[in-house]
Amino acid sequence: MAAAPISPVTARAHSNIALIKYWGKRDAALNLPAVGSISITLDGLYTDTRVGFHAGAERDSVDIGGRKVDAAPFTRFLDLIRARAGIDYRARVESWNNFPTGAGLASSASGYAALALAGSRAAGLDMSPRALSILARQGSGSAARSIFGGIVEMHRGEADDGEDAYAEALLAANEWPLEVVVAITDRNSKAVNSTTGMSAIDTRSDYYDAWVKHAPDDLAAMRAAIAARDFETVGALAEMSCLKLHGLMLSTRPGLIYWNAATVAAMHAIRELRDAGTPVYFTIDAGPQVKALCAPEHTARVAAVLAQVPGVLDTRISGLGPGAHLLD
Ligand code: PMV
């Protein structure tokens with residue numbers, strides 16, 4: 001048995017967006033992805049999570065943004081930490097996002113990465129970044145990437161136990177200053193979350209096998225473009241991966257339509273900007289927000305143009321951020 005739990009621990013993890021997307025699982029129980037992915041960790045969007053294990057508590061309690069939520073999905077995750085630490089105490093979890101939750105801004109990525117770090121430390125564990133990535137993956141596939149900063153690759157892995165399905169950094173945040181303008185087109189939580197959307201195994205898209213088959217080529221092309229700091233190729237590959245993902249989602253039965261009118265208008269505005277000479281590319285996850293990728297010298301112009309798109313409620317600017325870290 002491990003020693004008694006230490007005092008509550010607070011960790012911060014930043015959200016990330018994938019440039020080469022992941023969708024689909026090779027093992028649902030262990031949450032193993034069917035394909036690898038490459039993402040950027042965002043400085044401007046993060047989750048702070050405080051976890052304490054308490055001897056007297058009867059059940060886990062979880063607050064997000066000051067509101068009590070159903071603890072059941074988190075209990076499953078906390079059980080992984082308890083099993084590893086050899087403790088049986090229930091946890092009190094308090095979590096805050098500095099951005100809208102569950103609306104396609106990867107709150108599950110930053111949330112589970114912060115929970116993995118704060119929870120493991122509060123339980124008295126000192127896990128390596130790779131082990132934390134494997135743990136975070138079991139909460140949400142994209143969370144495995146938020147353990148690291150900068151530009152990050154998540155490996156699909158081959159092993160049945162998932163021990164080779166982890167993320168690692170390709171470049172640190174300061175090695176290539178890229179920026180993202182997030183155009184928020186809807187502040188509500190999405191109707192179909194990623195896990196539900198991608199678990200429609202028997203009703204999934206006819207395109208799914210092709211998606212899985214071509215993923216290694218997309219990853220290799222992106223890796224090479226990142227190594228060469230070739231922004232145009234990175235952007236073009238990111239836009240292509242985003243549209244491929246949405247083609248897959250749209251062709252799932254029933255079709256998953258995450259876009260609204262402002263999402264589409266923002267995509268066109270970004271392409272018009274590009275046609276007029278500004279190097280900027282879009283990407284979109286399982287939600288209606290549009291993320292525009294550009295070099296820092298173009299950020300102000302991109303943000304100004306996106307703010308004018310009908311239906312865009314707000315814009316957020318972010319550079320590349322650090323990996324998950326402790327706050328106290
Ligand atoms: O992390 P999950 O299991 O919620 O899935 C995320 C899926 C996408 O955001 C659409 C793509 C990705 O690679 O982040």
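When a ligand or atom number is given, it counts from 1 through the structure's own listing order.
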Problem set entry | Close-contact set for ligand 1 against A286 heavy atoms, below 4.0 Å | 10 (C)
Exercise. Taking only heavy atoms of A18, which atoms of ligand 1 are found under 4.0 Å from at least one of them?
Worked result: 12 (C), 13 (O), 14 (O)
Exercise. In terms of residue, atom name and distance, what is the protein heavy atom nearest to atom 12 (C) of ligand 1?
Worked result: R145 NH2, 3.5 Å
For this session: Return yes when A109 approaches ligand 1 closer than 4.0 angstrom through a heavy atom, no otherwise.
Result: no
For this session: Looking only at distances, please establish whether an N/O atom of ligand 1 is found under 3.5 Å from an N/O atom of S37.
Result: no
Problem set entry | Y281 and F231 aromatic centres sub-6.0 Å | yes
Exercise. Side chain of S140, backbone of A136: donor and acceptor closer than 3.5 Å?
Worked result: no
Problem set entry | Sub-4.0 Å atoms of ligand 1 with respect to non-hydrogen atoms of S108 | 4 (O)
For this session: List every atom of ligand 1 that sits less than 4.0 Å from any heavy atom of S194, numbering the atoms from 1 in the order shown and giving each element.
Result: 2 (P), 4 (O), 5 (O), 6 (C)
For this session: Would you kindly specify which portion of H246 sits under 4.0 Å from ligand 1, judged on non-hydrogen atoms: side chain, backbone, both or neither?
Result: neither
Problem set entry | Backbone or side-chain N or O of S140 under 3.5 Å from ligand 1 N or O | yes
For this session: With heavy atoms under 4.0 Å as the rule, classify the contact between S142 and ligand 1 as side chain, backbone, both or neither.
Result: both
Exercise. Does some side-chain heavy atom of L326 sit less than 4.5 Å from a side-chain heavy atom of V9?
Worked result: yes
Problem set entry | Residue pair S110 / S15, side-chain donor-acceptor N/O under 3.5 Å | no
Exercise. So, do F74 and Y112 have ring centers that fall under 6.0 Å from each other?
Worked result: yes
For this session: Would you tell me whether T41 and N16 have side-chain atoms, one donor and one acceptor, within less than 3.5 Å of each other?
Result: no
Problem set entry | Short N-O contact, K21 and D218, less than 4.0 angstrom | no
For this session: May I ask you to check whether Y89 and H54 place their ring centers less than 6.0 Å from one another?
Result: no
Exercise. Which residue holds the protein heavy atom closest to atom 3 (O) of ligand 1, what is that atom called, and what is the gap in Å?
Worked result: Y22 OH, 3.2 Å
